[in-house]
Amino acid sequence: MNTSNTFGKRTMTHPVLQAITERRTTNLFDPARDIAVTQIGELVHLATRAPTSFNLQNWRFIAVHERASKVRLRKLAWDQAKVVDAAVTFIVCGQLADERTLPLRLQPVVDAGIMPAEMVPGWEGAARSLYNGQPQRQRDEAIRSATLGAATLMHAAQAMGLGSAPMIGFDAGAVASEFNLAVYEIPVMLVAVGYALPENWPQKPRRPLDEVLELA
């Protein structure tokens with residue numbers, strides 16, 4: 001099946017598709033341009049629309065916005081200038097999957113009339129059987145949830161006219177200590193967000209569909 005040229009040349013007119021298509025990694029930010037705290041809140045609000053297993057919502061976003069805090073983070077992130085030059089750098093934290101959080105996380109779903117209250121214990125039991133006593137599975141779920149949230153945040157930033165850069169180049173233990181993460185939280189990645197300078201590279205070409213898509 002030759003799909004290489006079938007999809008890539010389609011005109012992306014929907015704004016969500018356009019944001020996905022046009023997103024690129026921003027390595028050079030304009031340090032003179034900031035974003036409002038309300039905009040930071042909106043980015044995280046949108047990021048939390050990403051899915052999580054059982055609706056655990058096992059994530060947290062630390063918005064490192066003040067310059068002094070960004071300088072502290074840069075020292076732990078291989079001295080990458082974009083940590084400071086970006087308007088805000090998020091520490092995207094995944095939380096170890098814990099079924100005991102489910103009653104609280106599912107209560108708004110019950111209150112909204114989406115889920116009957118009698119279903120909650122069943123979901124809690126299913127999550128317990130999946131995660132309890134399974135540290136690797138708990139960690140895997142934390143990484144998955146944080147990654148989905150980070151990806152959604154980056155596409156939201158793109159849709160707002162902002163650039164973003166995901167980073168794994170940092171000392172995770174030092175970041176957890178310096179920014180007071182809980183013992184059940186993992187700093188999965190940093191995401192710098194701000195206004196891109198024109199010198200940034202365009203989005204790099206991707207592998208053709210024939211190499212990455214199999215129809216079974």
Side-chain angles (χ1 to χ4, degrees), residues 25-29 31 34-102 104-105 127-128 130-157 162-194:
T25 296
T26 299
N27 286 306
L28 302 173
F29 290 92
D34 197 3
I35 62 175
V37 171
T38 53
Q39 197 167 10
I40 293 172
E42 183 63 20
L43 284 168
V44 174
H45 174 77
L46 292 166
T48 61
R49 266 44 191 170
T52 56
S53 180
F54 294 100
N55 198 45
L56 282 167
Q57 302 177 71
N58 52 319
W59 45 33
R60 193 160 68 92
F61 301 81
I62 301 173
V64 184
H65 186 224
E66 297 295 329
R67 178 168 178 81
S69 297
K70 289 192 287 186
V71 169
R72 285 164 51 210
L73 181 58
R74 176 176 176 171
K75 293 177 181 178
L76 309 176
W78 301 359
D79 198 34
Q80 296 179 79
K82 55 192 168 186
V83 171
V84 171
D85 290 344
V88 58
T89 297
F90 293 94
I91 305 170
V92 184
C93 306
Q95 299 174 333
L96 299 178
D98 185 347
E99 82 283 351
R100 294 171 297 180
T101 65
L102 272 179
L104 183 62
R105 304 283 161 80
R128 182 182 302 111
L130 188 61
Y131 301 120
N132 192 268
Q134 298 288 336
Q136 186 62 53
R137 197 173 288 169
Q138 290 176 325
R139 180 180 174 85
D140 288 348
E141 202 62 70
I143 301 296
R144 276 191 287 265
S145 295
T147 301
L148 286 167
T152 304
L153 188 151
M154 287 187 284
H155 289 125
L162 300 167
S164 65
M167 290 174 275
I168 60 168
F170 61 94
D171 183 329
V175 168
S177 176
E178 182 71 20
F179 289 88
N180 301 312
L181 271 62
V183 294
Y184 54 83
E185 292 182 317
I186 302 165
V188 173
M189 71 179 74
L190 308 180
V191 179
V193 174

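These numbers come from a predicted model, not from an experiment.
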How long is the span from the [atom1] atom in [X] to the [atom2] atom in [Y], to the nearest 0.5 Å?
{"X": "F54", "Y": "E99", "atom1": "CZ", "atom2": "CD", "value": "10.0 Å"}
{"X": "E178", "Y": "L73", "atom1": "CD", "atom2": "CG", "value": "9.0 Å"}
{"X": "T147", "Y": "M189", "atom1": "OG1", "atom2": "CE", "value": "4.0 Å"}
{"X": "N58", "Y": "Y131", "atom1": "CG", "atom2": "OH", "value": "7.5 Å"}
{"X": "R74", "Y": "D85", "atom1": "CZ", "atom2": "CG", "value": "7.0 Å"}
{"X": "L181", "Y": "I62", "atom1": "CG", "atom2": "CD1", "value": "4.5 Å"}

Can you name the closest pair of heavy atoms from [X] and [Y] and give their distance?
{"X": "F29", "Y": "V193", "value": "CE2-C, 3.8 Å"}
{"X": "Q95", "Y": "Q57", "value": "OE1-O, 4.3 Å"}
{"X": "V44", "Y": "F90", "value": "CG2-CE2, 3.6 Å"}
{"X": "V188", "Y": "I168", "value": "O-CG2, 4.4 Å"}
{"X": "M167", "Y": "A192", "value": "CE-CB, 3.7 Å"}
{"X": "Q138", "Y": "A97", "value": "NE2-O, 3.3 Å"}

Check whether [X] reaches the backbone of [Y] with its side chain - one donor and one acceptor, N or O, closer than 3.5 Å.
{"X": "E185", "Y": "R60", "value": "no"}
{"X": "T89", "Y": "V83", "value": "yes"}
{"X": "T152", "Y": "L148", "value": "yes"}
{"X": "S69", "Y": "H65", "value": "no"}
{"X": "S145", "Y": "A142", "value": "no"}
{"X": "R137", "Y": "L130", "value": "yes"}

With a 4.5 Å cut-off on side-chain heavy atoms, are [Y] and [X] touching?
{"X": "F179", "Y": "V64", "answer": "yes"}
{"X": "S53", "Y": "R144", "answer": "no"}
{"X": "L43", "Y": "I35", "answer": "yes"}

Neighbour count >12 (heavy atoms, 6.0 Å) for atom CZ, R128 = yes

query = Run the side-chain contact (heavy atoms from CB on, under 4.5 Å) check on R139 and I186 step by step: do they pass?
reply = CA-CA 8 Å; R139 180 180 174 85; I186 302 165; 3.4 Å; yes

query = What do the steps show when you test I40 against F61 for side-chain contact (heavy atoms from CB on, under 4.5 Å), and what is the final call?
reply = CA-CA 10 Å; I40 293 172; F61 301 81; over 6 Å; no

inquiry  = Between T52 and R105, is the side-chain contact (heavy atoms from CB on, under 4.5 Å) condition met? List the steps.
reply    = CA-CA 11 Å; T52 56; R105 304 283 161 80; over 6 Å; no

